[in-house]
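Remarks on the structure that follows.
We count residues from 1, following the sequence as given.
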Amino acid sequence: MRYLERFKVSLVNPSSSEIELRDLLSNFSFYLSGRVNVLCMFAEEIIENLDTGFSASPVQGGRIERAESLMWLWVLGAYEVVRTMVQAEKCFSPSAMEHFRTLKKSLAAVRMPASKMEKQGKRIPVNSNRSPAGWDVENRDLLVNDPDDPEVSARRLFNDFDETFLSLRKADILARHEDSYL
């Protein structure tokens with residue numbers, strides 16, 4: 001995840017301005033910034049498991065199963081992080097909010113079937129006699145979502161998450177999380 005790469009830069013005795021440039025999101029919330037980093041680390045582990053599991057001959061089902069389990073947690077966490085940011089609307093620029101709302105919509109489509117076992121926005125159950133995710137062996141990917149709806153690529157969700165957070169600029173963060181409650 002390219003977003004996470006910002007934090008892997010080795011800085012000896014960094015100044016506060018260097019830290020701020022590396023982690024713009026901490027200007028909104030130090031805690032939430034840390035949760036985004038955790039999500040990025042989960043995504044990297046999921047991708048590693050998918051790459052290794054699907055590249056093996058025969059396919060290593062245990063690695064794919066681990067990736068799918070972490071993906072479930074990633075979706076729940078990513079949705080909650082983005083939901084929190086959308087809820088704190090006055091803390092972000094209109095362009096940043098547009099990116100967050102688009103990401104939230106993508107995550108919501110996957111979250112509802114995974115967390116509530118319901119179709120998104122409806123009190124209709126998702127078939128529970130299914131695997132948690134489809135396998136796209138050729139692309140070493142998981143297909144997540146309600147199996148009756150268009151499939152969503154886990155890798156695409158990671159990319160959308162990464163691009164959204166990489167698009168943040170200092171000018172996009174207008175206030176701290178706590179200020180959204182005033």
Side-chain angles (χ1 to χ4, degrees), residues 1-6 24-25 28-29 31-51 54 64 66-128 130-169 172-173 177 180:
M1 305 263 320
R2 291 183 306 135
Y3 180 79
L4 193 57
E5 290 301 314
R6 280 187 191 170
L24 294 174
L25 195 52
F28 168 67
S29 168
Y31 175 80
L32 188 126
S33 175
R35 298 297 86 189
V36 169
N37 292 339
V38 168
L39 290 166
C40 289
M41 288 186 287
F42 271 8
E44 285 184 343
E45 184 177 342
I46 293 165
I47 290 167
E48 179 185 332
N49 278 305
L50 293 174
D51 287 344
F54 282 129
I64 309 305
R66 172 74 178 161
E68 188 285 319
S69 297
L70 288 174
M71 186 65 194
W72 179 67
L73 295 172
W74 185 90
V75 165
L76 299 177
Y79 178 82
E80 289 304 317
V81 161
V82 174
R83 181 196 59 78
T84 298
M85 296 174 82
V86 168
Q87 186 175 310
E89 181 175 7
K90 71 181 187 178
C91 296
F92 297 97
S93 71
S95 64
M97 285 307 299
E98 184 179 323
H99 290 291
F100 294 139
R101 284 190 184 104
T102 300
L103 180 58
K104 181 183 174 204
K105 185 177 179 179
S106 296
L107 291 166
V110 175
R111 182 191 69 92
M112 283 297 290
S115 65
K116 296 181 77 177
M117 294 178 60
E118 292 178 354
K119 296 191 179 283
Q120 183 186 5
K122 301 174 185 168
R123 191 133 166 75
I124 299 171
V126 171
N127 182 353
S128 59
R130 62 181 176 91
S131 66
W135 289 13
D136 180 351
V137 178
E138 183 180 331
N139 294 308
R140 297 179 299 182
D141 202 358
L142 292 174
L143 302 173
V144 294
N145 194 10
D146 175 353
D148 296 330
D149 286 341
E151 297 168 327
V152 176
S153 157
R155 288 179 186 265
R156 194 197 89 216
L157 279 177
F158 296 150
N159 185 64
D160 292 350
F161 186 88
D162 199 37
E163 292 297 322
T164 297
F165 284 93
L166 281 170
S167 74
L168 275 179
R169 300 293 172 251
D172 290 324
I173 301 172
H177 173 251
S180 69

key: With R83 via side-chain hydrogen bond (donor to acceptor under 3.5 Å, both in side chains) - residues at least two apart   = E80, Q87

key: Distance, nearest 0.5 Å, that separates CG of N145 from CE of M112   = 11.5 Å

From D51 atom CG to R140 atom CZ, the distance as rounded to the nearest 0.5 Å = 4.0 Å

For a 4.5 angstrom cut-off between non-hydrogen side-chain atoms, does [X] reach [Y]?
X: M85; Y: K104; value: no
X: I46; Y: F158; value: yes
X: F161; Y: S106; value: no
X: R155; Y: N139; value: no
X: I64; Y: L50; value: yes
X: D136; Y: E151; value: no
X: L143; Y: W135; value: no

inquiry  = Over 60° means perpendicular and under 30° means parallel, so tell me whether F100 and F92 are parallel, tilted or perpendicular.
reply    = perpendicular

request  = Determine, for E89 against R101, whether the closest basic-nitrogen to carboxylate-oxygen distance falls under 4.0 angstrom.
outcome  = yes

key: Whether over 12 other heavy atoms sit under 6.0 Å from K90 NZ   = yes

